[in-house]
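Numbers for residues simply follow the sequence, beginning at 1.
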Amino acid sequence: MKTFGLKASLLLIAILISTDCLNVEGQVCHPSGKIRGKKPPPGECNQGNDSDCCKEGKLYTTYKCSPTVSSHTKAYLTLNGFEKDEDGGAPSECDNQYHSDDTPVVALSTGWYNKGSRCLNNITITANGRSVVAMVVDECDSTMGCDSDHDYQPPCANNIVDASRAVWKALGVPQDQWGGLDITWTNA
């Protein structure tokens, strides 16, 4: 009986560890909570690249996870500024640096960012019949937002690849259509 109890305990521990890993980048990704929007102080929310500012009282969904990464992970491409004083806010999480918008760089939703495990690694983004390789330099925070650390912008959805202008150009998307595009991506 004790042997069965020990085996059952070890199996339970293995399941719990696996479940915890799925929380970060799992097959099933459910919302982890909500945060209430706060009105940004005047001039504190940079709306460059069509960025949204939090609306006071609105509830925003948060996620600790993202869909599973595969050879053709479905995602939504958004436009972000990675240079100083742009809508990206602070320097990039991976290297504490700003990056030229003419360099193909991206921020990934929290689950895909996976506590920095993809930092400074490349991903291949495909859309519009083209592909581009971009370096992961930042997190698009899906767990927090509506505060000064996040430029008073809402939390990211759990399926975002937030990209520099260079990525949009490489994909051949006309500039007047930049801002949101269904894509696929994979680790390069």
Side-chain angles (χ1 to χ4, degrees), residues 20-26 29 32 35 44-52 54 60 62-127 130-171 173 178-181 183-188:
D20 189 48
C21 291
L22 287 175
N23 251 354
V24 175
E25 187 180 297
C29 181
S32 57
I35 59 171
E44 290 295 312
C45 180
N46 185 334
Q47 290 184 285
N49 298 323
D50 294 327
S51 293
D52 290 330
C54 290
Y60 295 95
T62 59
Y63 293 89
K64 293 180 182 175
C65 55
S66 291
T68 300
V69 174
S70 68
S71 61
H72 292 87
T73 308
K74 291 182 180 182
Y76 193 69
L77 190 71
T78 55
L79 178 62
N80 187 40
F82 291 86
E83 297 177 2
K84 189 173 170 73
D85 298 325
E86 289 191 322
D87 61 311
S92 297
E93 285 287 323
C94 292
D95 58 6
N96 201 34
Q97 303 289 315
Y98 291 102
H99 295 269
S100 169
D101 291 328
D102 295 323
T103 303
V105 293
V106 297
L108 296 177
S109 292
T110 297
W112 289 334
Y113 181 73
N114 198 10
K115 300 177 185 173
S117 71
R118 288 195 168 84
C119 273
L120 307 180
N121 290 321
N122 291 327
I123 65 170
T124 302
I125 301 165
T126 304
R130 298 184 184 191
S131 292
V132 60
V133 173
M135 185 185 335
V136 177
V137 297
D138 209 351
E139 174 183 14
C140 192
D141 199 332
S142 306
T143 65
M144 300 177 67
C146 299
D147 56 16
S148 61
D149 286 348
H150 298 90
D151 199 31
Y152 292 97
Q153 295 175 20
C156 284
N158 68 342
N159 65 338
I160 298 297
V161 175
D162 207 12
S164 64
R165 290 187 312 238
V167 171
W168 287 87
K169 286 179 186 176
L171 292 173
V173 179
W178 290 3
L181 180 67
I183 63 160
T184 60
W185 73 273
T186 191
N187 294 309

To the nearest 0.5 Å, tell me how far Cys29 SG sits from Tyr63 OH. 6.5 Å
Are the side chain of Thr184 and the backbone of His72 linked by a donor-acceptor contact shorter than 3.5 Å? no
Would Met135 and Asp95 count as a side chain to side chain contact (heavy atoms under 4.5 Å, CB included) here? Give the steps. CA-CA 12 Å; Met135 185 185 335; Asp95 58 6; over 6 Å; no
Between Asp147 and Ile35, does a side chain to side chain contact (heavy atoms under 4.5 Å, CB included) hold up when you go through it step by step? CA-CA 11 Å; Asp147 56 16; Ile35 59 171; over 6 Å; no
d(Arg165 CZ, Asn80 CG) to nearest 0.5 Å is 11.5 Å
Check Val137 against Ser92 and note the closest heavy-atom contact, atom names and distance. O-CB, 3.0 Å
Nearest heavy atoms of Ala107 and Glu139, plus distance in Å: CB-C, 3.9 Å
Rounded to the nearest 0.5 Å, what separation is found between the OG atom of Ser71 and the CH2 atom of Trp185? 11.5 Å
Does the Thr143 side chain pair with the main chain of Lys64, one donor and one acceptor, at a distance under 3.5 Å? no
Return yes if some donor-acceptor pair links the side-chain N/O of Asp101 with the main-chain N/O of Phe82 below 3.5 Å, else return no. yes
Quick one: does Ser100's side chain have a donor or acceptor within less than 3.5 Å of a partner on Asp102's backbone? yes
Looking at OH of Tyr113 and SG of Cys94, how far apart are the two atoms once the value is rounded to the nearest 0.5 Å? 4.0 Å
Let me see the working for Leu171 and Val132 under side chain to side chain contact (heavy atoms under 4.5 Å, CB included), right down to the final yes or no. CA-CA 7 Å; Leu171 292 173; Val132 60; 3.9 Å; yes
Just by distance, do the side chain of Ser164 and the backbone of Thr103 share a donor-acceptor pair under 3.5 Å? yes
Modelled atom types, side-chain donor and acceptor of Ser131 and Thr126, under 3.5 Å: yes
Smallest separation among heavy atoms of Ala170 and Arg130, with atom names: O-CD, 3.4 Å
Strictly distance-based, threshold 3.5 Å: is any side-chain N or O of Thr78 a donor or acceptor partner for the main-chain N or O of Gly180? no
So how far is it from Ser70 OG to Asn187 CG, rounded to the nearest 0.5 Å? 10.0 Å
Backbone of Thr73 reached by a side-chain donor or acceptor of Thr186 within 3.5 Å: no
Under a 4.5 Å cut-off applied to non-hydrogen side-chain atoms, are Val173 and Trp178 in contact? yes
Is there a donor-acceptor contact under 3.5 Å from the side chain of Ser109 to the main chain of Ala157? yes
Would you say the side-chain atoms of Asp141 pair up with the backbone N or O of Met144, donor to acceptor, closer than 3.5 Å? yes
Rounded distance (nearest 0.5 Å) linking atom CD1 of Ile160 with atom CG of Leu77: 8.5 Å
Report yes if some heavy atom in the side chain of Val167 is under 4.5 Å from a heavy atom in the side chain of Val161; otherwise report no. no
Would you name the heavy atoms of Pro155 and Thr62 that are closest together and state the gap between them? CG-CG2, 4.1 Å
Is the side chain of Trp112 donor-acceptor paired with the backbone N or O of Asn158 at a distance under 3.5 Å, no angle test? no
